[in-house]
Amino acid sequence: MQRHTIEPRPGWQETVEAQGVIYPLTRHPDDSLRPYWDESAYYSFSLPEVEALEEVVEELHAMCLAAAAHIVEKDRFADLGITDPRLASLVAEAWHRKTELPSLYGRFDLWYDGSGEPAKLLEYNADTPTSLVEAASAQWFWMEERFPGCDQWNSLHERLVDAWRAQAALLPPGSPVHFAHTIDDECGEDLMTVAYLRETAIQAGLATEAIAVEDIGWDSLSHRFVDRRLRFIRSCFKLYPWEWLATDEFGPHVLDTLDNGGGTGSTLWIEPAWKMLLSNKALLAILWELYPGHPNLLASYLDGPRELATTTGYVTKPLLGREGAGVTLHQPGEPPAPGPATGPSCYQQLALLPDLSTPAPGAHSPTNHVVLGAWVVADEAAGLGIRESAGPVTDGYARFLPHVIL
């Protein structure tokens, strides 16, 4: 893996907006607009390197499924902060019936520097991952234009279409799949992620409808969810975390009507409820219990940093959180920083994100901490998206950079 600088294409902003990345710029705290889609640099990989990373991703995914089975079998829902017995029971039922429930995709965030050190799992978002449009579409077109004849770790589009087609029989017959995003998304990323996934379903031959989560209605007479045209919502892909869906104002209705496979309820949600087992930082600690010393894992605990406090340092991660919210870094021997409690957390071995920048002699270069986002579709490695951040935590100001196999 190498980082290279390159001159951006003329009109790059209009180009990527036309390809679905309608959020190419990010507004920063100083009110400046800076590129989110950043093609002033790119990463290159060798084919054997990508093949090795694909094997790592599929092994990690299999380990995560084994950890999910362990959580259910050992009734460890409380470790994930799932204390409602009814919700825990429904998640367990979803797990046991997972072959009857459509499940689409997820994204591993990996530490990797290309030096020969094994990739390390930082976290797994298997419920509501974004940065999909730029990974599946915009960077592919960038590669075709800038490096014609080359390749990319990117079979996302084809695999998503195939996944919908393969699971079509699991969907309730005779009604469209609704695709829901939240209108609280100001930049348009959630909207375009859902629109793109809807397009892959359409290409698979499915009937679909778009809806905002806020426009989903509840019919108190039939006790069913309905859309704006008062049609029953039989199945719905939602870019809306399960921990919100199950606990907001209509959460009891979600649980009352949950189709957990085989028509057990009136609304089937995609991703299914068992994905709560994977999109929780407690998974990292349970993986370390089950696979201690695994080369692709970082030591992680739920009861405190243990030896990490004096050896490697550690990262405190809230069990539920996105875009680096609430994440704090602690160097070895450093006293805990004062501040508000973050609630139940995972304590993970500190692995500072690498910076592969090569500034010219005497020149100052901003830091570019890189994280690999490795995609899984239908249980198989499917592609790569790369983000960089100025700080050590990948947050909402991170940039997306394309890649190519050379």
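If you read the sequence from its start, that first residue is 1, and numbering goes on from there. As the structure is a prediction and not an experimental result, all values here were calculated from the model. Values reported hereafter were calculated over all heavy atoms of this structure, with side chains retained and with hydrogens, waters and symmetry mates removed.
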**Q** Could you give me the CA-CA distance, side-chain angles and deciding distance for N125 and E123, then say whether side chain to side chain contact (heavy atoms under 4.5 Å, CB included) is met?
**A** CA-CA 7 Å; N125 187 341; E123 60 188 63; 5.7 Å; no
**Q** Can you name the residues that form a side-chain hydrogen bond (donor to acceptor under 3.5 Å, both in side chains) with T182, not counting sequence neighbours?
**A**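 Scan of T182 (side-chain hydrogen bond (donor to acceptor under 3.5 Å, both in side chains), adjacent residues dropped) gives E214.
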**Q** Salt bridge between D162 and R165, side-chain N to carboxylate O under 4.0 Å?
**A**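 So D162 pairs with R165 through a salt bridge.
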**Q** OG1/T316 to CG/L350 distance, rounded to the nearest 0.5 angstrom?
**A**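 Separation between the atoms: 10.5 Å.
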**Q** Using modelled atom types only, decide if a donor and an acceptor are shared between the side chain of S89 and the backbone of P85 within a distance under 3.5 Å.
**A**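 Answer holds: no.
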**Q** Under the side-chain hydrogen bond (donor to acceptor under 3.5 Å, both in side chains) rule, collect the residues that match up with D215, sequence neighbours excluded.
**A**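 None.
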**Q** Give a yes or no on whether W218 atom CH2 has more than 12 heavy-atom contacts from other residues, nucleotides or ligands under 6.0 Å away.
**A**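 Atom CH2 in W218 is packed in, count exceeds 12.
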**Q** What's the separation between atom CD in E39 and atom CZ in R9, rounded to the nearest 0.5 Å?
**A**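 With rounding to 0.5 Å, CD (E39) is 4.0 Å from CZ (R9).
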**Q** Step through the shown structure and confirm whether more than 12 heavy atoms of other residues, nucleotides or ligands are within 6.0 Å of CD on Q13.
**A**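 Yes, CD of Q13 has more than 12 neighbouring heavy atoms, counting only those of other groups under 6.0 Å.
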**Q** So which pairs with a foot in residues 234-245 pass salt bridge (Lys or Arg N to Asp or Glu O under 4.0 Å), sequence neighbours left out?
**A**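 Those involving residues 234-245 are D127-K238, R234-D259, E243-R322.
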**Q** Starting at CG of L206, measure out to CZ of F237 and round the result to the nearest 0.5 Å.
**A**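 Answer for the CG-CZ pair, L206 versus F237, is 13.0 Å.
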**Q** Could you check Y240 against D248 for side chain to side chain contact (heavy atoms under 4.5 Å, CB included), going step by step and ending with a plain yes or no?
**A** CA-CA 11 Å; Y240 194 75; D248 68 11; 3.2 Å; yes
**Q** Please find the pair of heavy atoms, one from Y43 and one from M1, that lie closest to each other, and give the distance.
**A**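 For Y43 versus M1, the nearest heavy atoms are CD2-CG, 3.9 Å.
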**Q** By side-chain hydrogen bond (donor to acceptor under 3.5 Å, both in side chains), which residues pair with K281, not counting sequence neighbours?
**A**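 For K281 there are no side-chain hydrogen bond (donor to acceptor under 3.5 Å, both in side chains) partners, ignoring immediate neighbours.
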**Q** Does the plane of the ring in F250 sit parallel, tilted or perpendicular to the ring in H253? Use 30° and 60° as the thresholds.
**A**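 It falls in the tilted class, 30° to 60°.
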**Q** For G385 versus A135, what's the shortest heavy-atom pair and its separation?
**A**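 For G385 and A135, the tightest heavy-atom pair comes out as CA-CB, 4.3 Å.
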**Q** Might you point out which heavy atoms bring V213 and A180 nearest each other, and give the distance in Å?
**A**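 Taking every non-hydrogen atom into account, CG2-CB, 3.8 Å.
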**Q** Nearest 0.5 angstrom please: W12 CH2 to W142 CH2, how far?
**A**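 Answer for the CH2-CH2 pair, W12 versus W142, is 14.0 Å.
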**Q** Let me check something: any side-chain donor-acceptor pairs from residues 71-78 under 3.5 Å, sequence neighbours excluded? List them with distances.
**A**
from, atom 1, to, atom 2, distance (Å)
R76, NE, D79, OD2, 2.8
R76, NH1, H70, NE2, 3.1
R76, NH1, E289, OE1, 2.8
R76, NH2, D79, OD2, 2.9
R76, NH2, E289, OE2, 2.9

**Q** Around E307, counting heavy atoms of other residues, nucleotides and ligands shown, do more than 12 lie under 6.0 Å from its CD?
**A**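 Correct, the count exceeds 12.
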**Q** Which residues pass the ring pair (Phe, Tyr, Trp, His ring centres under 6.0 Å) test with H4, not counting sequence neighbours?
**A**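 Result, ring pair (Phe, Tyr, Trp, His ring centres under 6.0 Å) vs H4: Y42.
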**Q** Can you check whether P118 reaches V56 side chain to side chain, under 4.5 Å on heavy atoms?
**A**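 Side chain of P118 against side chain of V56, heavy atoms only: no contact under 4.5 Å found.
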**Q** Atom OG in S235, atom CD1 in I270: separation rounded to 0.5 Å?
**A**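 Here the rounded value is 5.5 Å.
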**Q** Looking at residues at least two apart in the chain, or sitting in another chain, which of them share a side-chain contact (heavy atoms from CB on, under 4.5 Å) with Q19?
**A**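 side-chain contact (heavy atoms from CB on, under 4.5 Å) check on Q19 returns T15, V16, S137, A138, F141.
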**Q** Tell me every residue that passes side-chain hydrogen bond (donor to acceptor under 3.5 Å, both in side chains) with D379, counting only those two or more places apart in sequence or in another chain.
**A**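 Partners of D379 by the side-chain hydrogen bond (donor to acceptor under 3.5 Å, both in side chains) criterion, ordered by chain and then number, come out as H61.
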**Q** Do the side chains of C64 and L283 get nearer than 4.5 Å, heavy atoms only?
**A**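 Yes, close enough: below the 4.5 Å cut-off.
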**Q** Start with the C-alpha distance between Y23 and D185, add both sets of side-chain angles, then the distance that settles side-chain hydrogen bond (donor to acceptor under 3.5 Å, both in side chains), and finish with yes or no.
**A** CA-CA 11 Å; Y23 40 91; D185 166 41; over 6 Å; no
**Q** Could you give me the CA-CA distance, side-chain angles and deciding distance for L160 and L132, then say whether side chain to side chain contact (heavy atoms under 4.5 Å, CB included) is met?
**A** CA-CA 11 Å; L160 287 165; L132 177 64; 4.3 Å; yes
**Q** Using every non-hydrogen atom in the two residues, find where S131 and R107 come nearest and quote the distance to one decimal.
**A**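 Closest approach of S131 to R107: OG-NH1, 3.8 Å.
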**Q** With R224, which residues qualify under salt bridge (Lys or Arg N to Asp or Glu O under 4.0 Å), at least two apart?
**A**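 In terms of salt bridge (Lys or Arg N to Asp or Glu O under 4.0 Å), with neighbours along the sequence ignored, R224 is linked to no residue.
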**Q** What heavy-atom pair brings G383 and L156 nearest, and what distance separates the two atoms?
**A**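 Closest approach of G383 to L156: CA-CG, 4.3 Å.
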**Q** Apply side-chain hydrogen bond (donor to acceptor under 3.5 Å, both in side chains) to the pair H223 and D256, showing each step before the final yes or no.
**A** CA-CA 9 Å; H223 297 279; D256 287 342; over 6 Å; no
**Q** For the residue pair M63 and L297, establish whether any side-chain heavy-atom pair is separated by less than 4.5 Å.
**A**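 Counting from C-beta outward, M63 and L297 do come under 4.5 Å.
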**Q** Under the side chain to side chain contact (heavy atoms under 4.5 Å, CB included) criterion, do Q2 and L406 qualify, and how do the steps go?
**A** CA-CA 10 Å; Q2 292 184 311; L406 295 177; over 6 Å; no
**Q** Excluding sequence neighbours, so at least two apart, what forms ring pair (Phe, Tyr, Trp, His ring centres under 6.0 Å) with W95?
**A**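 Partners of W95 by the ring pair (Phe, Tyr, Trp, His ring centres under 6.0 Å) criterion, ordered by chain and then number, come out as W274.
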**Q** Which residue, W140, W164, Y196, W375, forms the ring-ring contact (aromatic ring centres under 6.0 Å, His included) with H157?
**A**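 Exactly one option meets the ring-ring contact (aromatic ring centres under 6.0 Å, His included) with H157, and it is Y196.
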**Q** Going by ring pair (Phe, Tyr, Trp, His ring centres under 6.0 Å), name the residues that satisfy it together with W153, two or more places apart in sequence or in a different chain.
**A**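 Per chain and number, W153 pairs via ring pair (Phe, Tyr, Trp, His ring centres under 6.0 Å) with no residue.
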**Q** Do Y291 and E59 pass the side-chain hydrogen bond (donor to acceptor under 3.5 Å, both in side chains) test, and can you show the C-alpha distance, the side-chain angles, and the key distance before you say yes or no?
**A** CA-CA 12 Å; Y291 305 96; E59 181 180 4; over 6 Å; no
**Q** Going by side-chain contact (heavy atoms from CB on, under 4.5 Å), W111 matches just one of L353, L352, L121, L372. Which one?
**A**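 Single side-chain contact (heavy atoms from CB on, under 4.5 Å) partner of W111 among L353, L352, L121, L372: L353.
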**Q** Run the side-chain hydrogen bond (donor to acceptor under 3.5 Å, both in side chains) test on R198 and T208 for me, step by step, so that the C-alpha distance in whole Å, both residues' side-chain angles and the decisive distance to 0.1 Å come before the verdict.
**A** CA-CA 7 Å; R198 182 186 176 201; T208 68; 2.7 Å; yes
**Q** List for me each residue that meets ring pair (Phe, Tyr, Trp, His ring centres under 6.0 Å) alongside H403, sequence neighbours excluded, and say none if there are none.
**A**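 By the ring pair (Phe, Tyr, Trp, His ring centres under 6.0 Å) rule, H403 matches F45.
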**Q** If you round to the nearest 0.5 Å, how far is CG of L25 from OH of Y36?
**A**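 Atom-to-atom, Y36:OH and L25:CG are 12.0 Å apart.
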**Q** What are the two closest non-hydrogen atoms of G326 and P318, and how far apart are they?
**A**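 Looks like O-CD, 3.5 Å.
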